[in-house]
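See below for the structure under consideration.
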Amino acid sequence: MIRTPEALLQALGLPEQLLPAARQGHQLFPVRVTQAFLNRIRPGDLNDPLLRQVLPLTNETEPSPPGFCKDPLAEEHAIASPGLLHKYTSRVLTVSTSACAIHCRYCFRRHFPYAEQRQSQDDFAQKLDYIRQNPAVNEVILSGGDPLMLPDAQLRRQMEALATLPQIRTVRIHTRLPVVLPERITDALLDALECFPRQRVLVIHCNHPQELDADVVKALARLRPLTTLLNQTVLLRGVNDTAETLIQLSQTLFECDVLPYYLHQMDPVEATHHFAIADARAVEIHRELTRSLPGYLVPRLVREEAGAPSKTLLISS
Ligand code: SF4
């Protein structure tokens with residue numbers, strides 16, 4: 001695990017001139033990169049699409065343009081119970097942990113007040129009570145941070161507890177770990193997931209085909225018999241903002257039985273504006289995907305908007 005900008009630059013043979021800016025970004029949101037992800041970055045290439053997701057750049061410390069803020073999705077207003085967000089009628093999202101194996105510079109929760117939510121992180125019972133009192137809720141999303149950072153025993157307890165609620169038809173897990181830490185997909189983890197006996201959906205987060213190496217393919221193959229596999233991608237300038245890259249991503253995901261689900265316009269989070277893409281360009285890229293891929297491999301181009309009853313489609317077909 002790389003935990004400092006110095007170690008990241010050294011491991012990849014990148015010039016020391018990058019260090020002052022990287023240190024500044026590190027103060028805002030610490031550098032964290034798994035060895036598995038590091039192995040897929042081309043040494044010495046500052047334009048590597050994986051490197052750009054994890055290396056703090058000067059731009060992070062620049063004042064953000066209008067519209068960028070710490071909580072653009074107003075998630076603090078959606079906190080229904082400690083560690084539980086209720087944005088959409090039928091789904092609740094549990095902030096299971098603040099931990100992630102990798103720190104993505106564009107992260108929409110980089111400013112989330114995890115410390116305030118920590119008080120009852122272990123008190124899953126309180127979340128279950130809230131769900132019971134809201135019978136319209138039929139799906140629980142485990143998010144974070146990354147929920148697969150939880151110890152197996154804790155994850156197992158949560159899945160067992162959710163299984164006791166007949167109203168819950170689906171448990172969905174949003175995780176980047178099969179991609180950035182494929183060795184996390186162990187027998188014990190698979191056993192824990194099976195403790196919820198109804199519909200299981202696992203939404204991975206992969207932005208570029210270079211993230212999908214042989215170890216990730218193996219990890220996904222182990223998950224496939226247990227769960228529906230979907231992917232969400234964030235559209236990021238300098239990382240994946242070409243149709244060619246996203247076409248290759250969809251095709252490679254499909255070879256792993258993962259369906260492309262969402263292509264997100266990035267949330268306007270403070271210190272991330274250098275990744276933003278204009279809507280017109282996003283739509284142009286998406287039109288090219290639609291022309292080149294079968295419909296089932298075209299992710300929906302969406303934006304999340306504070307207070308909206310669902311994600312907003314930027315293009316309807
Ligand atoms: S894995 Fe997800 S939650 Fe964690 S830093 Fe990356 S984008 Fe944020």
Side-chain angles (χ1 to χ4, degrees), residues 1-3 5 8 25-38 40-41 49-57 60 68 70-73 75-76 78 83 85 87 93-115 117-118 121 141-150 155 172-185 202-208 210-212 216 219-220 230-240 249 258 261-276 299 302-304 311:
M1 174 77 81
I2 298 275
R3 290 179 181 272
L8 181 57
H26 179 65
Q27 294 301 317
L28 298 175
F29 187 46
V31 165
R32 184 173 291 186
V33 188
T34 59
Q35 186 63 46
F37 198 78
L38 184 78
R40 301 170 214 153
I41 301 176
L50 276 56
L51 175 72
R52 297 187 75 81
Q53 295 179 54
V54 294
L55 175 69
L57 296 167
E60 287 193 19
F68 283 73
K70 285 193 162 56
D71 183 16
L73 305 183
E75 287 202 315
E76 285 201 62
L85 306 185
K87 295 191 211 176
L93 182 148
T94 79
V95 179
S96 309
T97 169
S98 61
C100 283
I102 188 171
H103 282 175
C104 314
R105 305 315 302 173
Y106 54 86
C107 180
F108 72 117
R109 292 216 176 104
R110 56 185 283 164
H111 306 289
F112 189 79
Y114 288 109
Q117 302 303 309
R118 194 167 294 144
Q121 283 295 311
I141 301 165
L142 304 189
S143 183
D146 196 311
L148 295 192
M149 292 292 281
L150 293 176
L155 199 57
R172 188 190 334 166
I173 296 178
H174 284 184
T175 176
R176 194 138 156 74
L177 285 203
V179 175
V180 302
L181 193 67
E183 59 265 44
R184 175 69 183 95
I185 312 306
L202 197 128
V203 184
I204 64 168
H205 169 180
C206 180
N207 296 323
H208 194 281
Q210 194 176 315
E211 294 174 37
L212 296 165
V216 179
L220 294 171
L230 305 174
N231 179 62
Q232 50 187 347
T233 294
V234 184
L235 191 53
L236 300 165
R237 194 200 305 169
V239 173
N240 58 10
L249 176 59
V258 180
Y261 175 37
Y262 280 138
L263 178 62
H264 288 270
Q265 259 297 43
M266 197 189 76
D267 303 319
V269 178
E270 196 174 284
T272 66
H273 59 279
H274 52 291
F275 286 114
V302 293
R303 163 179 292 119
E304 194 161 343
K311 296 210 172 27

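None of these values were measured; they are calculated from a predicted model. Numbering of ligands and ligand atoms starts at 1, following listing order.
- Checking Cys100 against atom 8 (Fe) of ligand 1, every N/O/S atom stays at or beyond the 2.8 Å cut-off.
- Ring-plane geometry between Phe29 and His103 is classed as parallel, the angle between the planes falling under 30 degrees on a 0 to 90 degree scale with a further cut at 60.
- Thr233 and Asn207 form no side-chain donor-acceptor contact under 3.5 Å, judged by distance and modelled atom types alone.
- Ligand 1 has Ile102 within reach: a non-hydrogen atom of the residue lies less than 4.0 Å from it.
- No salt bridge links Glu270 with Arg110; every basic N to acidic carboxylate O contact stays at or beyond 4.0 Å.
- Heavy-atom minimum distance, Leu249 versus His208: CD1-C, 3.8 Å.
- Against a heavy-atom cut-off of under 4.0 Å, Arg176 is close to the following atoms of ligand 1: 1 (S).
- For the residues Ala99, Pro147, Ala101, Cys107, the heavy atom positioned nearest atom 8 (Fe) of ligand 1 is part of Cys107.
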